[in-house]
Amino acid sequence: MEILFEILKKYDFPKREMAPSIRIGDIQEHLKYDLPEDYVFYLENYHGIDQFIGAEFIKLWSLEEIIDANLEYHIFEKLPQTLAIGTNGSGEFIGIEFEDDDSTKIVLSPVVGLDAKYHVVIGDSFTDFLDRLDKGVEWFS
């Protein structure tokens, strides 16, 4: 988690002042999967952001926004093994894809034509995703 702490501090992610009004369990009930530990830490301790990290713009939703956004975009319905966690501001969502073997990947996928075949892996974990952005790894290289 040290890498995650460094990135959150470096990019001045806004810390929560109060406990979130939504529980992690509320998301997991819609999803049927347990959220990764590093992402849970982020949600419970930080607010959403919209800024550049490295060369890429990201908007990560806060804990309070995730359920409504996934319902609005029909992610729970169309992609039951994916949780959208934000966007890149260009018509694509950033999500966590849950594998049958309990592993996860961070993906970038178009909001239009929701289909897992369009997922592009942009991280092996939430921390890896942010670390790749910080190091300037391009999503489509």
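Scope of the values below: all heavy atoms of this structure, side chains included, with no hydrogens, waters or symmetry mates. Heads up: numbering here begins at 1 and tracks the sequence.
For Asp34, the side-chain contact (heavy atoms from CB on, under 4.5 Å) partners at least two apart in sequence or on another chain are Gln28.
Although no hydrogens or angles enter the test, the distance criterion places no donor-acceptor pair under 3.5 Å between the side chain of Asp134 and the main chain of Leu130. Checked by atom type and distance alone, the side chain of Asn88 never pairs as donor or acceptor with a backbone atom of Ile58 at under 3.5 Å. Of the possible donor and acceptor atoms, one in the side chain of Asn70 sits under 3.5 Å from a partner among the backbone N and O of Ile66. No donor-acceptor pair under 3.5 Å is formed between the side chain of Asp68 and the backbone N or O of Glu65.
Applying the ring-ring contact (aromatic ring centres under 6.0 Å, His included) test to pairs two or more places apart or on separate chains, those with a residue in residues 84-123 are Tyr33-Phe98.
Under the 4.0 Å criterion applied to side-chain N and carboxylate O atoms, Asp128 and Lys105 are not assigned as salt-bridge partners. By the 4.0 Å N-to-carboxylate-O rule, Glu29 lies close enough to Arg23 to be salt-bridged with it. We find that Arg16 and Glu64 are joined by a salt bridge, their nearest charged nitrogen and carboxylate oxygen being less than 4.0 Å apart.
A perpendicular orientation is assigned to the rings of Phe13 and Tyr46, their planes being inclined by more than 60° (bins at 30° and 60°).
For Glu99, the CD atom sits in a packed shell: over 12 heavy atoms of surrounding residues, nucleotides or ligands are nearer than 6.0 Å. Heavy atoms of other residues, nucleotides or ligands lying less than 6.0 angstrom from CD1 of Ile3 number 12 at most. Annotation for Asp102: atom CG does not count as buried by contact number, only 12 or fewer foreign heavy atoms lying within 6.0 Å.
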